[in-house]
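Heavy atoms only: backbone and side chains are in, while hydrogens, waters and symmetry mates are out.
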Amino acid sequence: MTQHSRDTPQFYLTAPSPCPYLPGRHERKVFTHLVGDKAGDLNDLLTHGGFRRSQSIAYRPACDQCRACVSVRVVANEFRPSRNFKKVLARNADIVGEQRSAVPTSEQYSVFRAYLDKRHRHGGMADMTVLDYAMMVEDSHVETRIIEYRKRGVDTGITGRGEDLIAVALTDVLSDGLSMVYSFFEPSQQSRSLGTFMILDHITRARRLGLPYVYLGYWIEGSKKMDYKGRFLPQQRLAPSGWLRVDATGEMLSEPQD
């Protein structure tokens, strides 16, 4: 790869393929490579424009006649948990989250494999091996962290570290927020609502870091897999005119936000 191609991103368009979220539709994506010294700055810029990162690729939907995928980011400092969210937090009061360098482990892969086999056994990631998982974690040219969630043990108060690993989040640190790249959990712990808990924890982490947003990826109204992201309010949703605010009542404001 030449220096010119490293400094000047080249964008490509995928061929149509079946949409994994809305039956009967097809998706296309525009993508570019995140490499070189400017990868972090480019990832910031593209995330603000609705892109997502997967390993060293940044992509966003570019579907013909469909705009169902809407980028969303939670306004961390203004977020207040609802009654249901408070119940999720209470249910997981025995969980401790530890931020680590983005280094894959066999323990993480064991949870990841169980998660895929139970929740996404027919999905595009179903055949991922331990080497594929390692690439997902390590193939990043931006500031990426792993957050491990463990049950508290007898020594947690002293060591700060829990015992059994039950959930993991792969997270990018941006200039204005945290971007949740991928998260997974032990399926036997489904009653804990760990997916929701990890988002709530990231909102708290962003607030502590003085970062205004938590990027959740794409909200898709009517999709069982993606509709849940609309519950974390207030949030901003990316429209052609810019980021539009959705307040705590669910009302969308028409003026673009900064």
Side-chain angles (χ1 to χ4, degrees), residues 9-34 42-75 115-116 119-128 132 136 142 169-172 174 176-184 195-196 198-199 202 213-258:
Q10 306 296 308
F11 292 87
Y12 307 91
L13 187 64
T14 66
S17 61
C19 177
Y21 303 114
L22 298 175
R25 301 193 191 185
H26 286 76
E27 68 169 0
R28 300 188 78 179
K29 295 175 181 175
V30 60
F31 70 94
T32 190
H33 297 276
L34 293 170
L42 180 59
N43 189 45
D44 262 30
L45 181 65
L46 292 178
T47 301
H48 297 161
F51 280 71
R52 294 285 286 165
R53 186 183 71 81
S54 177
Q55 296 179 214
S56 60
I57 296 291
Y59 69 91
R60 68 167 295 171
C63 307
D64 298 330
Q65 301 179 337
C66 180
R67 297 293 181 268
C69 294
V70 179
S71 294
V72 297
R73 60 188 188 187
V74 182
V75 184
Y115 175 80
L116 292 182
R119 308 264 302 197
H120 301 290
R121 62 182 179 274
H122 300 302
M125 302 173 71
D127 296 329
M128 286 182 66
D132 295 326
M136 184 178 81
V142 304
L170 183 65
T171 302
D172 288 347
L174 308 176
D176 68 345
L178 300 177
S179 178
M180 298 186 69
V181 176
Y182 196 78
S183 60
F184 53 93
T196 296
M198 284 189 279
I199 293 176
H202 275 67
Y213 304 116
V214 174
Y215 289 83
L216 300 183
Y218 301 116
W219 167 72
I220 304 175
E221 188 173 15
S223 167
K224 292 182 179 179
K225 294 180 181 179
M226 308 294 266
D227 197 31
Y228 72 94
K229 297 178 182 181
R231 298 186 291 122
F232 297 87
L233 302 172
Q235 66 179 220
Q236 295 177 5
R237 298 176 183 171
L238 186 59
S241 59
W243 290 94
L244 303 182
R245 179 186 172 90
V246 180
D247 65 20
T249 67
E251 181 180 357
M252 179 176 286
L253 305 183
S254 59
E255 291 296 321
Q257 306 296 295
D258 294 334

(request) For the residue pair Thr14 and Tyr59, establish whether any side-chain heavy-atom pair is separated by less than 4.5 Å. (result) no
(message) Could you check whether any side-chain heavy atom of Lys29 comes within less than 4.5 Å of a side-chain heavy atom of Ser17, counting everything from C-beta outward?
(response) no
(message) Return the CH2 to SG distance between Trp219 and Cys69, rounded to the nearest 0.5 Å.
(response) 11.0 Å
(request) For the residue pair His33 and Ile57, establish whether any side-chain heavy-atom pair is separated by less than 4.5 Å. (result) yes
(request) Could you go through the side-chain hydrogen bond (donor to acceptor under 3.5 Å, both in side chains) check for Arg73 and Ser179 one step at a time? (result) CA-CA 9 Å; Arg73 60 188 188 187; Ser179 178; over 6 Å; no
(message) A side-chain contact here means heavy atoms from C-beta on lying under 4.5 Å apart; do Phe11 and Leu46 qualify?
(response) yes
(request) Report yes if some heavy atom in the side chain of His26 is under 4.5 Å from a heavy atom in the side chain of Pro18; otherwise report no. (result) yes
(request) Indicate the ring-plane relationship of Phe184 and Tyr182, choosing parallel, tilted or perpendicular according to the 30° and 60° boundaries. (result) tilted
(request) Begin from the C-alpha positions of Ile199 and Tyr228 and carry the test side chain to side chain contact (heavy atoms under 4.5 Å, CB included) through to its verdict. (result) CA-CA 11 Å; Ile199 293 176; Tyr228 72 94; 3.8 Å; yes
(message) Determine whether a donor-acceptor pair (N or O, by modelled atom type, separation under 3.5 Å) exists between the side chain of Trp243 and the backbone of His48.
(response) yes
(message) So, taking the atom named OG in Ser54 and the one named CE in Met136, what distance separates them when rounded to the nearest 0.5 Å?
(response) 8.5 Å
(request) Give a yes-or-no answer on whether the side chains of Asp176 and Tyr215 include a donor-acceptor pair shorter than 3.5 Å. (result) yes
(message) Assess, by modelled atom type and distance only, whether the side chains of Thr47 and Arg53 contain a donor and an acceptor separated by less than 3.5 Å.
(response) no
(request) With rounding to the nearest 0.5 Å, note down the distance linking CD in Gln235 to CZ in Arg231. (result) 11.0 Å
(request) Hey, could you give me the CZ/CG distance between Arg237 and Leu216, rounded to the nearest 0.5 Å? (result) 10.5 Å
(message) Quick check: do Val70 and Tyr218 have side-chain heavy atoms less than 4.5 Å from each other?
(response) no
(request) With rounding to the nearest 0.5 Å, note down the distance linking CZ in Arg60 to CZ in Arg52. (result) 12.5 Å
(message) I want to check something: taking the side chain as every heavy atom from C-beta on, are Phe51 and Leu45 in contact at a cut-off of under 4.5 Å?
(response) no
(message) Test your reading of the model: is there a side-chain donor-acceptor pair from Glu221 to the backbone of Gly230, 3.5 Å cut-off?
(response) no
(request) Please check if the side chain of His120 supplies one atom and the backbone of Leu116 the other of a donor-acceptor pair under 3.5 Å. (result) no
(message) Determine whether a donor-acceptor pair (N or O, by modelled atom type, separation under 3.5 Å) exists between the side chain of Arg67 and the backbone of Cys63.
(response) yes
(message) I'd like to check Cys66 versus Arg25 (side-chain heavy atoms, cut-off strictly below 4.5 Å). Are they in contact?
(response) yes
